[in-house]
Amino acid sequence: MPAARESLLDAAYAALARRPWSAVRMVDVAAAAGVSRQTLYNEFGSKDGLARALVRREADGYLAGVDRALTGHSDLSDRLTATAEWISSAARENALVRAMLTGCWSERLPSPALSAVPSTSAVPAQRRADGPLPSPGDFVALVRDRAVTVLAGSGTPKSETADLARSCEIAVRLALSCVAAPPGEGGVAGLVHSALQREAG
């Protein structure tokens with residue numbers, strides 16, 4: 001039932017844009033998705049299960065965007081700059097992504113526990129949503145490690161890989177600082193280019 005699942009998550013996301021999570025009703029989400037309330041409960045188990053699945057989907061979408069940014073250019077600096085710009089724009093445009101990256105969950109948003117939740121559901125997708133959710137620190141490490149994997153070719157010396165990991169983490173952390181305090185002239189790209197030049201020099 002992947003189509004119904006996506007429709008339900010889309011409906012929940014749309015409802016969240018209009019009202020706080022505490023005011024989002026399961027019956028309204030089901031109606032907006034064109035399925036029964038029972039189908040919604042069968043798929044997610046509870047409102048908390050729906051929240052966890054929604055947060056997980058937005059996390060997966062964010063990381064897919066990171067992967068696209070990392071492969072969209074040939075130059076290392078351009079790849080890291082594109083990744084930093086994606087991080088900043090994704091957080092600016094999506095309140096759930098911003099909360100995941102910063103750990104600042106407003107009362108308007110669902111704030112599921114990051115730890116795994118025991119589940120007796122037989123729905124495989126439900127078990128996945130019940131798994132642990134990444135913390136802000138986990139996201140830094142995930143993006144840094146993905147960047148190193150994409151940017152370091154096989155056979156790259158360990159010392160170069162360590163330098164690359166440091167550069168990747170600098171770019172990620174600069175992007176996150178721009179989420180909290182938007183940059184001035186030059187934007188995220190200017191900050192990342194300057195930092196990478198200093199790091200290389």
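These numbers come from a predicted model, not from an experiment.
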A.B. asks: Just jot down the side-chain hydrogen bond (donor to acceptor under 3.5 Å, both in side chains) partners of Glu93, sequence neighbours excluded, or say none.
C.D. replies: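 Expected list: none.
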A.B. asks: What pairs with Val66 under side-chain contact (heavy atoms from CB on, under 4.5 Å), at least two apart in sequence or on another chain?
C.D. replies: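 Applying side-chain contact (heavy atoms from CB on, under 4.5 Å) to Val66 gives Tyr62, Leu70, Thr83, Trp86, Val143.
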A.B. asks: What pair of heavy atoms forms the shortest contact from Cys168 to Leu151, and how long is it?
C.D. replies: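 Residues Cys168 and Leu151, closest heavy atoms: SG-CD1, 4.0 Å.
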A.B. asks: Given side chain to side chain contact (heavy atoms under 4.5 Å, CB included), test Ile87 with Val188 step by step and report yes or no.
C.D. replies: CA-CA 10 Å; Ile87 291 168; Val188 177; over 6 Å; no
A.B. asks: Could you check if a side-chain atom of Tyr13 sits within less than 4.5 angstrom of a side-chain atom of Leu96, using non-hydrogen atoms only?
C.D. replies: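 The answer is yes; the side chains approach within 4.5 Å.
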A.B. asks: Using the test side-chain contact (heavy atoms from CB on, under 4.5 Å), find all partners of Asp138 that sit at least two apart in sequence or belong to another chain.
C.D. replies: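 Here the qualifying residues are Pro134, Ser135.
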A.B. asks: Looking only at heavy atoms, which two atoms of Leu109 and Ala95 are closest? And how far apart?
C.D. replies: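 Shortest heavy-atom contact: CD1-O, 3.7 Å.
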A.B. asks: Return each pair, listed once, that meets salt bridge (Lys or Arg N to Asp or Glu O under 4.0 Å) where at least one residue sits in residues 62-78; pairs must be two or more places apart or across chains.
C.D. replies: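 Only Asp67-Arg146 qualify under salt bridge (Lys or Arg N to Asp or Glu O under 4.0 Å).
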A.B. asks: Please examine the side chains of Glu58 and Val55, heavy atoms only from C-beta on, and report whether any two atoms are closer than 4.5 Å.
C.D. replies: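 Heavy-atom side-chain distance check fails, nothing below 4.5 Å.
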A.B. asks: Hey, does Thr161 have a side-chain heavy atom less than 4.5 Å from the side chain of Val148?
C.D. replies: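 Yes, side chains in contact.
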A.B. asks: Which donor-acceptor pairs under 3.5 Å do the side chains of residues 20-34 make with protein atoms, sequence neighbours left out?
C.D. replies:
unit_1	atom_1	unit_2	atom_2	d
Arg25	NE	Asp28	OD2	3.0
Arg25	NH2	Asp28	OD1	3.2

A.B. asks: Taking only residues two or more places apart in sequence or in another chain, which ones pass side-chain contact (heavy atoms from CB on, under 4.5 Å) with Glu107?
C.D. replies: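 For Glu107, no residue satisfies side-chain contact (heavy atoms from CB on, under 4.5 Å) once neighbours in sequence are set aside.
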A.B. asks: Would you name the heavy atoms of Arg5 and Ala53 that are closest together and state the gap between them?
C.D. replies: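 Heavy atoms only, the tightest pair is NH2-CB, 3.6 Å.
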A.B. asks: Please, which pairs that meet side-chain hydrogen bond (donor to acceptor under 3.5 Å, both in side chains) have at least one residue in residues 164-180, sequence neighbours excluded?
C.D. replies: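 Those involving residues 164-180 are Arg144-Glu169, Asp163-Arg166, Arg166-Glu199, Glu169-Arg173.
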A.B. asks: Heavy atoms only: give me the nearest Ala175-Ser88 pair and the separation to one decimal.
C.D. replies: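 For Ala175 and Ser88, the tightest heavy-atom pair comes out as O-CB, 4.4 Å.
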A.B. asks: Do Leu101 and Pro136 have side chains that approach each other closer than 4.5 Å (heavy atoms only, starting at C-beta)?
C.D. replies: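 Sidechains of Pro136 and Leu101: no contact.
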A.B. asks: Residues two or more places apart in sequence or in another chain: which of them pass side-chain hydrogen bond (donor to acceptor under 3.5 Å, both in side chains) with Ser36?
C.D. replies: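 side-chain hydrogen bond (donor to acceptor under 3.5 Å, both in side chains) check on Ser36 returns Thr39.
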A.B. asks: Please report the interatomic distance CG(Leu9) to CD(Glu6), rounded to the nearest 0.5 Å.
C.D. replies: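 If we round to the nearest 0.5 Å, Leu9:CG and Glu6:CD are 5.5 Å apart.
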A.B. asks: Specify the closest pair of heavy atoms between Leu16 and Pro110, including all atoms of both residues, with the distance to one decimal.
C.D. replies: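 Smallest interatomic distance, heavy atoms only, reads CD2-CD, 3.8 Å.
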A.B. asks: Would a 4.5 Å heavy-atom cut-off, applied to side chains only, mark Val35 and Ser7 as touching?
C.D. replies: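 Not touching, per the 4.5 Å side-chain cut-off.
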A.B. asks: Determine whether Val179 and Trp105 fall in the same hydrophobic cluster, where Ile, Leu, Val, Met, Phe, Trp and Tyr are linked whenever their side-chain heavy atoms lie under 4.5 Å apart.
C.D. replies: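 Val179 does not cluster with Trp105.
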A.B. asks: So, taking the atom named CG in Leu176 and the one named OG1 in Thr102, what distance separates them when rounded to the nearest 0.5 Å?
C.D. replies: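 Answer for the CG-OG1 pair, Leu176 versus Thr102, is 8.5 Å.
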A.B. asks: Just to verify, what does Asp10 make a salt bridge (Lys or Arg N to Asp or Glu O under 4.0 Å) with, not counting sequence neighbours?
C.D. replies: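 Testing Asp10 for salt bridge (Lys or Arg N to Asp or Glu O under 4.0 Å), a comparison that skips the adjacent residues, returns Arg57.
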A.B. asks: With sequence neighbours excluded, what pairs up with Thr81 under the side-chain contact (heavy atoms from CB on, under 4.5 Å) test?
C.D. replies: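 If we apply the side-chain contact (heavy atoms from CB on, under 4.5 Å) test to Thr81, skipping adjacent residues, the hits are Ser77, Glu85, Ala189, Val192, His193.
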A.B. asks: What pairs with Arg79 under side-chain hydrogen bond (donor to acceptor under 3.5 Å, both in side chains), at least two apart in sequence or on another chain?
C.D. replies: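 side-chain hydrogen bond (donor to acceptor under 3.5 Å, both in side chains) check on Arg79 returns nothing, list empty.
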A.B. asks: For Leu80 versus Ala147, what's the shortest heavy-atom pair and its separation?
C.D. replies: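 Scanning both residues, the minimum pair turns out to be CD2-CB, 4.4 Å.
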A.B. asks: Rounded at 0.5 Å granularity, tell me how far CG in Leu133 sits from CZ in Arg56.
C.D. replies: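 Here the interatomic distance stands at 5.0 Å.
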